[in-house]
Protein chains: 2
Amino acid sequence: MVTFMPLDPTRPPLPDPAQAAPAAEATAAEATAAEANRAGAGSLVRMLEVLDQFTPDLPVIRVDDLQARLGYTKSTAYRYVKALCDAGLLAQASQGRYSLGPRIVELERLMRIADPLLQAGEAVLPELAAEVPNSMVLLCSLYRDKVLCVHREGPEAIVAGGGRISILRARGLPLPLFQGAASLAILASLPAPRIRALFLQRQAEMAAAGLGKDLAAVRQRLERIRRDGQVTTVGRFNRHLAAVSVPVRSRDGSQVVGSLTRIMAADDFAGQDAERLVKRLQAGAVQLSSKLA
Amino acid sequence: MVTFMPLDPTRPPLPDPAQAAPAAEATAAEATAAEANRAGAGSLVRMLEVLDQFTPDLPVIRVDDLQARLGYTKSTAYRYVKALCDAGLLAQASQGRYSLGPRIVELERLMRIADPLLQAGEAVLPELAAEVPNSMVLLCSLYRDKVLCVHREGPEAIVAGGGRISILRARGLPLPLFQGAASLAILASLPAPRIRALFLQRQAEMAAAGLGKDLAAVRQRLERIRRDGQVTTVGRFNRHLAAVSVPVRSRDGSQVVGSLTRIMAADDFAGQDAERLVKRLQAGAVQLSSKLA
DNA sequence: GGCGGTTTCCCGTATTTTGGGAAAAATAGG
DNA sequence: CCTATTTTTCCCAAAATACGGGAAACCGCC
């Protein structure tokens with residue numbers, strides 16, 4: 001039996017979380033944030049905060065901006081920047097301007113090479129994606145308490161709602177942990193203690209995401225998903241899209257490692273055999289698990 | 001006029017530099033390295049050295065290995081690991097085992113989104129690659145003093161020497177700064193003071209790469225390349241491959257930002273009009289420059 | 001529920017980071 | 001090629017905090 005999540009028209013379509021953190025902050029707020037960061041955090045943590053300052057809207061930052069933003073002195077700002085540069089995590093773009101560095105791309109390649117989930121995904125996803133026209137398949141992975149898309153297969157855009165909705169550059173797209181089919185499929189398969197711990201730690205977020213106001217409600221909701229073995233959402237990520245997601249388990253089946261998600265036009269989805277879509281995706285997930293190193 | 005670089009049969013084919021740093025070290029050597037690192041380097045630099053420990057052969061590391069390798073105490077090792085984990089640069093894979101973290105993939109996506117060279121490359125390279133069968137086109141970028149491949153277009157493998165030679169997962173592949181057509185094309189276009197500085201700093205490497213034993217020789221060699229506007233190598237990267245590379249300049253032409261390289265089977269290359277290949281690549285580079293934001 | 005290994009916490013000491021300014025580089029302009 | 005401006009490094013005393021050792025807490029696992 002396939003259950004559908006209720007469409008919540010009050011929630012706006014999910015923004016690209018990577019583009020979320022807005023750069024707009026009043027000078028007063030900056031100072032406050034700087035002081036707050038300053039307290040308690042060691043220099044190690046402070047240095048790494050520099051990386052958080054880079055956003056799609058601001059991919060190149062000047063050192064004096066860093067000083068202002070994080071409340072460092074010139075010396076400290078340059079010290080941090082130099083350490084990060086020497087490690088290759090930053091690189092100076094031009095005079096006084098720094099951007100993220102080559103080491104990041106290099107390390108990411110290392111992860112790509114070493115990631116068994118990605119390897120398996122590249123073998124399994126193409127066929128899966130091709131079976132349903134005008135649909136793409138996403139492979140998402142769980143890191144500690146972060147979900148992000150590691151691979152996309154299929155067309156770059158879905159034709160839906162009279163337009164083209166593209167999910168370009170999917171790899172690296174962070175997904176909200178408590179929203180969206182891909183995340184929920186993973187979340188629901190987490191062991192009970194971890195769900196409990198997550199609830200205790202991030203109760204507010206869970207409630208805001210509509211997962212439930214108390215632990216019992218959250219458990220019930222996730223248990224339902226777990227039993228179904230899938231999550232289907234229509235119109236949540238985007239009004240005109242539908243998503244079906246199933247968990248991907250480790251080879252021995254002992255734990256979830258990610259999720260496999262098909263995204264398609266909501267209109268197309270209405271005409272499909274939902275049960276069959278899920279079955280096919282689940283078969284893909286099993287095949288994927290079996291290919292894990 | 002197109003000049004060919006002499007084939008140096010004494011040098012072995014370039015290994016994947018990302019896989020270079022071998023994990024094999026005697027215990028004594030480890031201790032020495034640890035002590036050496038320890039001296040002079042601040043905690044910031046020391047912490048970032050943790051990232052260097054991850055290799056394709058050893059993508060998951062235990063904390064006690066870190067202690068041993070870098071000479072840290074348990075406390076320090078955990079402090080560093082925790083800071084890196086909190087920043088998302090590491091993630092614990094399982095009990096006691098840590099791997100590179102989701103933030104790296106996320107940051108890399110940010111770079112992909114923000115990199116004008118990549119944007120332009122994705123628009124220009126496909127056509128370029130398709131024009132010559134059994135060839136691929138590489139777009140490489142210069143960061144400070146590091147060259148790495150940022151994009152590959154065309155087939156995943158070249159049919160050459162009776163086999164298939166594949167350059168898979170090209171993005172993030174670091175290239176030796178003083179070897180290879182792609183790097184030399186960039187190097188030769190660097191302003192003279194930078195070349196001088198590089199020579200003073202890394203004279204030994206330059207000599208080892210056959211660039212020249214003294215500054216005059218290096219200058220002459222690079223000047224020749226710069227005048228040609230291209231570098232062609234046959235059998236250097238791989239006995240059966242040939243590469244033609246041209247520099248890519250910034251939109252205003254004031255500086256090099258990378259290189260555009262065609263890789264093909266050496267046998268195929270012999271039958272081609274070399275001049276025409278270069279001309280086409282140069283046209284591509286110009287087009288690319290014009291598309292830079 | 002108990003067990004081995006992992007991770008955090010605690011705290012005095014001493015190493016190091018810190019910050020302000022001045023020197024040195026690098027860059028842009030003449 | 002040389003000068004003016006900005007960026008970056010260097011220097012050093014004072015203060016902050018990273019360090020290390022061990023114990024306690026916290027896992028996951030059997």
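Below, read A as the first sequence line, B as the second, and so on, with proteins coming before strands; counting in each chain starts at 1. What's counted below: heavy atoms across the whole structure, side chains too, no hydrogens, waters or symmetry copies.
Not one side-chain nitrogen or oxygen of B/Y80 sits closer than 4.0 Å to the OP1 or OP2 atom of C/dT7. In this model, the phosphate group of D/dT8 is approached by a side-chain N or O of A/Y78 to a distance below 4.0 Å at OP1 or OP2. Neither OP1 nor OP2 of D/dA18 sits under 4.0 Å from any side-chain N or O of B/R46.
Using a 4.0 Å cutoff on non-hydrogen atoms, the parts of residues 90-98 of chain A near DNA chain C are A/Q95, ordered by number.
In terms of modelled atom types and a separation under 3.5 Å, the side chain of A/T55 and the main chain of A/L58 share a donor-acceptor contact.
At a threshold of 4.5 Å between non-hydrogen side-chain atoms, the residues B/V81 and B/Y72 do not count as touching.
In terms of the side-chain hydrogen bond (donor to acceptor under 3.5 Å, both in side chains) criterion, A/Q255 has no residue partners (sequence neighbours excluded). Taking B/D115 as the reference, nothing meets the salt bridge (Lys or Arg N to Asp or Glu O under 4.0 Å) condition, with sequence neighbours excluded. Applying the side-chain contact (heavy atoms from CB on, under 4.5 Å) rule to A/P116 yields the partners A/L292, A/A293; only residues at least two apart in sequence or on another chain are considered. Taking the side-chain contact (heavy atoms from CB on, under 4.5 Å) definition, one finds that A/S99 meets it with A/V60, A/A93, sequence neighbours left out. For B/S141, the side-chain hydrogen bond (donor to acceptor under 3.5 Å, both in side chains) test picks out no residue, with sequence neighbours left out. Residues satisfying the side-chain hydrogen bond (donor to acceptor under 3.5 Å, both in side chains) criterion with A/R219, sequence neighbours excluded, are absent altogether. A/S183 is linked by a side-chain contact (heavy atoms from CB on, under 4.5 Å) to A/V147, A/L175, counting only residues two or more places apart in sequence or in another chain. Not a single side-chain contact (heavy atoms from CB on, under 4.5 Å) links A/V286 to another residue, sequence neighbours left out. Taking B/D64 as the reference, nothing meets the side-chain hydrogen bond (donor to acceptor under 3.5 Å, both in side chains) condition, with sequence neighbours excluded.
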With 3.5 Å as the limit, what N/O pairs link the protein to nucleotides 21-24 of chain D?
{"unit_1": "D/dG21", "atom_1": "N7", "unit_2": "B/S75", "atom_2": "OG", "d": "3.0"}
{"unit_1": "D/dG21", "atom_1": "O6", "unit_2": "B/S75", "atom_2": "OG", "d": "3.1"}

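D/dA18 atom P lies 19 Å from atom CG of B/L70, rounded to whole Å. Computed from coordinates, the B/L66 CG to D/dG20 C1' distance equals 17 Å when rounded to whole Å. Distance B/D252 CG to C/dA28 P: 10 Å, rounded to the nearest Å. Rounded to whole angstrom, the span from the CG atom of A/D64 across to the P atom of D/dT5 amounts to 18 Å. Atom pair A/L190:CG and D/dC27:P shows a separation of 14 Å (rounding to whole Å applied). We find that CD of B/Q255 is positioned 10 Å from P of C/dT27, with the value rounded to whole Å. Separating the CZ atom of A/R194 from the C1' atom of D/dG28 is a distance of 12 Å, rounded to the nearest angstrom. The NZ-P distance, from A/K82 to C/dG19, rounds to 18 Å in whole Å.
In this structure, B/A197 and A/S43 both approach DNA chain C, and ranking their closest nucleotides by distance from the 5' end singles out A/S43.
For the helix from C/dG1-D/dC30 to C/dG30-D/dC1, the end axes, each set by the C1' atoms of five terminal pairs, are bent relative to each other by 80° (nearest 10°).
Contact annotation for B/V63: backbone-only contact, meaning every heavy-atom pair under 4.0 Å involves sugar-phosphate atoms and none involves a base.
Taking every heavy atom of both residues into account, B/L48 and A/A83 meet most closely at CD1-O, 3.6 Å.
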